[in-house]
Amino acid sequence: MQQILKLLVPVTLLLTACATTKSNGEKGLKDYYKDYFDIGVALPTRNFSEAETSFFKKHFNSVTAENAMKIQPIQPVQNQYNFAPVDSLVAVTRRLNMKMRGHTLCWHNQVPDWFFKREDGSTIDKATLYDRLKTHIYTVAGRYKNDIYAWDVVNEVISDKKEEFYRPSKFYEIAGADYIDSAYTWAHEAAPDALLFYNDYNEIDSTKRSKIIQMIRGLQAKNIPVHGIGLQAHWALNEPSESQLEQTLKDFSALGLNIQITELDMSIYPKEHQSREWDAARDKNTLYTNDIANAQAEKYAMFFKLFRKYSKQISSVTFWNISDKHSWLDDFPVKNRKDYPLLFDKDLQPKKAYEAVIDF
Ligand code: GLA
């Protein structure tokens, strides 16, 4: 009997420890961060189960449509808008009493071919592009002006190449950089109360960051309505380092604008920005081991420590996707390579990284 009792004690202790683990309580991620910033999630447009909606309600107070508001999905054919999926996401967001970010009015990806072409297939001129972009922005931002409190107006116009300033996108080729000013002006006219953001990735790279800052200062000098910087924050176990992230937040803070972390995730693989084929030698270790889970928790803790430190500037932190059940990183940069980038596992259970983020 004595022996059995002895054995039972550690088991009981263990159970008590689990029951009191912070993540199992009523409080969700957004509650731990209520004095710091909003916590958002990027959602697809499909039906959600009750378990999912109560999970969203517990942890998040902000929503971004993962794809539905981009040009291709929302205006696949000229003047034929696909509002229904967005409307239903707006309704879910309202029902759950959450805020909604808009993403995105002008981006070189997920934009249909017609946007840049005449009926005969030739490329349109600048005036026609202005007309199309203005109509798009007025229609989309105008329709949701009472639903969306912040827009990523322009996404990813800065080049990754050191010697190149603007990305040579179709928009840029046809219109030069002026369309960027106009996009903000039109968004402001269509949705006067919305906060307008510039959104980009790899802002932790000092060269790219300086270019972004230079562009924003240029907009500010011309009194273009730009209110914030969105850091996508598609990061990884190997980057950014603490000092790199701190420098990034410091540099952007100096602009005096709102900062939002708009698309946060942390790949367990070294960061790559271009898609590539599966490589047997390089891609053989795809298991989510305990060591990786611990390293990820540590890194996430560092991110959030710095986010809290800069919480005067940071008003929102949004995760890109819900849980490790599905992430865009499962297919990027390598097709069918499973990734584990988020705070919740495939069953929506909190991971070690979650515990680390709420432990402060
Ligand atoms: C960029 C875009 C997002 C999304 C991700 C990948 O960061 O801004 O909308 O497409 O790529 O999913």
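Order of appearance sets the numbers: ligands from 1, and atoms from 1 within every ligand. When reading the values below, keep in mind they use all heavy atoms of this one structure, side chains included, and skip hydrogens, waters and symmetry mates.
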### Message
Is there a polar contact between ligand 1 and Trp328, counting only N or O atoms under 3.5 Å apart?
### Response
no
#### Entry: N/O separation below 3.5 Å, His234 to ligand 1
yes
### Task
Please check if the distance between the ring centroids of His59 and Phe319 is under 6.0 Å.
no
### Message
Looking only at the aromatic ring of each residue, does the gap between the centers of Tyr130 and Phe171 stay below 6.0 angstrom?
### Response
no
Could you pull out every donor-acceptor pair under 3.5 Å between side chains of residues 221-230 and any protein atom, sequence neighbours left out?
from, atom 1, to, atom 2, distance (Å)
Lys222, NZ, Asp181, OD2, 2.7
His227, ND1, Leu196, N, 2.8

### Query
Considering only heavy atoms, does Tyr201 approach ligand 1 within less than 4.0 Å through its side chain, its backbone, both, or neither?
neither
### Message
Using a 4.0 Å cut-off to any heavy atom of His103, which atoms of ligand 1 qualify?
### Response
2 (C), 3 (C), 8 (O), 9 (O)
#### Entry: For atom 10 (O) of ligand 1, the protein heavy atom that lies nearest, with its residue and separation
Lys70 NZ, 2.9 Å
### Query
Are Arg276 and Asp283 within salt-bridge range, i.e. N to O under 4.0 Å?
yes
### Task
Please could you name the atoms of ligand 1 that Asn155 approaches to less than 4.0 Å, counting only its heavy atoms?
2 (C), 8 (O)
Would you be so kind as to tabulate the donor-acceptor pairs closer than 3.5 Å made by side chains of residues 260-270, with sequence neighbours excluded?
from, atom 1, to, atom 2, distance (Å)
Gln260, OE1, Arg101, NE, 2.6
Gln260, OE1, Arg101, NH2, 3.3
Gln260, NE2, Tyr149, OH, 3.2
Gln260, NE2, Ser315, OG, 2.9
Thr262, OG1, Asn199, OD1, 2.7
Thr262, OG1, Leu231, O, 3.3
Glu263, OE1, His234, NE2, 2.6
Glu263, OE2, Asn199, ND2, 3.1
Asp265, OD1, His234, ND1, 3.0
Asp265, OD2, His234, ND1, 3.2
Asp265, OD2, Trp328, NE1, 2.9
Ser267, OG, Tyr269, N, 3.0
Ser267, OG, Tyr269, O, 3.4
Ser267, OG, Asp339, OD2, 2.6
Tyr269, OH, Lys338, O, 2.5

### Message
I need the nearest protein heavy-atom contact for atom 3 (C) of ligand 1: residue, atom name and distance, please.
### Response
Glu263 OE1, 3.3 Å
### Query
So is Lys351 actually on top of Phe344's ring, under 6.0 Å and inside 45° of the axis?
no
## Note on the structure
With heavy atoms and a 4.0 Å threshold, my read on which part of Phe332 contacts ligand 1 is neither
